[in-house]
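For reference, the structure is listed below as structure tokens.
Within every chain, numbering begins at 1; the chains are lettered A, B, ... in the order of the sequence lines, protein sequences first and strands thereafter.
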There are 2 protein chains.
Amino acid sequence: MAYTKQLSPSEIVKVAMEMVEREDTEGISLRAVASALGVKAPSLYRYFSTKNALEMAVAEGVLRSMYTELVCAGAQPDPETRFKEMAVAYLRFARTRYALYSFLMQGRLHGAYGSQAGKEVWNLLLESASQISGRPDDTSAAVATWSFLHGYATLEHAGGFGKSGPHGGLELGLRAFLDGFANRQSDNAKL
Amino acid sequence: MAYTKQLSPSEIVKVAMEMVEREDTEGISLRAVASALGVKAPSLYRYFSTKNALEMAVAEGVLRSMYTELVCAGAQPDPETRFKEMAVAYLRFARTRYALYSFLMQGRLHGAYGSQAGKEVWNLLLESASQISGRPDDTSAAVATWSFLHGYATLEHAGGFGKSGPHGGLELGLRAFLDGFANRQSDNAKL
DNA sequence: GTCTATATGCGGATAGAC
DNA sequence: GTCTATCCGCATATAGAC
């Protein structure tokens with residue numbers, strides 16, 4: 001009874017996620033994932049027909065992890081507290097697991113967009129921003145918030161804020177959004 | 001008199017930038033750059049001792065291009081108009097030359113940070129944001145603005161806004177910043 | 001279900017000839 | 001100053017044995 005290791009898709013994804021996080025690399029190598037599983041690369045093709053299929057599964061796994069943390073942070077009765085806590089949780093995820101976060105964002109977003117986890121994360125953000133503005137399904141506010149948080153996380157990691165540091169830019173931006181979402185005049189104020 | 005092609009660092013950087021833009025790739029291949037120059041890969045080592053050295057030079061070139069466009073857009077007397085025009089110009093650069101923009105932002109920022117071009121771009125942003133808030137050297141405002149613009153550009157390209165589109169999120173965010181930078185209470189309002 | 005062996009391709013970098 | 005030739009490493013993916 002040789003060759004009876006018995007892998008599973010979820011086990012492969014789990015190990016792949018751990019590897020991305022540990023190696024701090026954006027790219028996955030089938031050889032490396034297989035090796036971490038105590039197996040050779042060709043074996044993975046029984047479970048994922050291409051490398052891209054595995055990557056998509058990993059991206060969805062990252063979204064599920066993110067969802068879990070955001071839900072916990074969002075368990076707050078006060079809308080403003082909820083908004084701030086979710087923002088902090090988003091940045092904490094990006095900071096502490098940046099390799100996974102980056103893996104998801106650098107090109108894998110579009111593919112993971114249709115997934116259940118993707119919609120759930122988006123809905124969390126949308127609901128929280130809508131609570132602030134008082135408008136149902138406030139896509140504008142959610143888009144602005146997400147852009148700000150994603151940009152901040154990315155620049156912070158890239159060292160874009162330099163020696164001076166962010167200098168309260170995060171708090172200032174969130175404060176401006178909290179005030180600006182509720183008190184805006186018209187929906188489509190053009191530039 | 002064979003082998004007398006005579007390259008130059010600036011010529012190599014120029015061709016490398018064109019290649020990144022044309023091929024829409026984040027990575028540079030020395031072979032490909034050399035080929036585009038009508039030369040073989042080892043020749044490049046006369047001008048750049050490593051691949052990384054060339055990449056840094058390219059990143060600086062991208063920053064110079066960006067600076068040029070931002071300066072033009074910022075030639076506006078009214079502070080608010082200037083702020084908006086520079087924001088639009090920033091996004092236009094990221095959109096129309098995304099491969100170059102991405103090349104700069106994905107890990108090359110820290111290296112290009114000390115360059116002259118890097119400081120000049122940052123100062124443009126800093127001055128414009130400071131004009132809005134009325135505070136000299138308003139790092140907080142510049143950090144918030146840059147984060148928002150960078151995040152928006154990245155998510156837009158990645159298809160993160162999905163089928164619904166940004167839905168005015170850009171305008172809403174900029175409006176919130178324009179209002180929020182000037183009318184804030186204290187400098188270090190913590191979350 | 002996993003293996004070995006292999007096809008095929010990419011990449012950076014160096015030594016030494018011209 | 002550029003070349004050829006080469007070393008060395010990485011990768012995805014497939015065929016067919018066990």
Ignoring hydrogens and angles, write down the donor-acceptor pairs under 3.5 Å from the side chains of residues 109-122 of chain B, residues two or more places apart or on other chains.
| residue | atom | partner | partner atom | Å |
| --- | --- | --- | --- | --- |
| B:Y113 | OH | A:K163 | N | 3.3 |
| B:S115 | OG | B:A112 | O | 2.8 |
| B:S115 | OG | B:G118 | N | 3.1 |
| B:Q116 | NE2 | B:E120 | OE2 | 3.3 |
| B:K119 | NZ | B:G114 | O | 3.3 |

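- In this structure, CG of A:L37 is placed 14 Å from C1' of C:dG1, rounded to the nearest angstrom.
- The overall bend of the helix from C:dG1-D:dC18 to C:dC18-D:dG1, read as the angle between its terminal helix axes built from five base pairs each, is 0° when rounded to 10 degrees.
- For D:dC3, the OP1/OP2 oxygens have a side-chain nitrogen or oxygen of B:S43 closer than 4.0 Å.
- Electrostatic pairing of B:E60 and B:R108 does not count as a salt bridge here, judged by no charged N lying under 4.0 Å from a carboxylate O.
- As a whole-Å value, the separation of A:Q6 CD from C:dT2 C1' is 10 Å.
- Residues meeting the side-chain contact (heavy atoms from CB on, under 4.5 Å) test with B:R95, sequence neighbours left out: B:L91, B:E156.
- Taking the six-membered ring for Trp and the full ring otherwise, the centers of A:Y152 and B:F148 sit at least 6.0 Å from each other.
- Atom CG in A:L54 sits roughly 14 Å away from atom C1' in D:dA11 (whole-Å rounding).
- Remark: P of D:dA13 and CZ of A:F48 are 13 Å apart, rounded to the nearest angstrom.
- For residues 8-16 of chain A, proximity to DNA chain C is found at no residue, defined as any non-hydrogen atom under 4.0 angstrom from a strand atom.
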Report summary line: Its contact letters, B for base, S for sugar-phosphate only and - for none at protein heavy atoms under 4.0 Å, make nucleotides 12-18 of chain C read BBB---B

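- A:K84 contributes no side-chain N or O that, together with a main-chain N or O of A:L174, makes up a donor-acceptor pair within less than 3.5 Å.
- Using a 4.0 Å heavy-atom criterion, one finds that A:Y47 contacts the sugar-phosphate atoms exclusively.
- A:K5 places its NZ atom 9 Å from the P atom of C:dC3, with the value rounded to the nearest Å.
- One atom, CD of A:E55, and another, P of D:dA11, lie 13 Å apart when rounded to the nearest Å.
- Every residue was checked against the ring pair (Phe, Tyr, Trp, His ring centres under 6.0 Å) condition with A:F93, not counting sequence neighbours, and none meets it.
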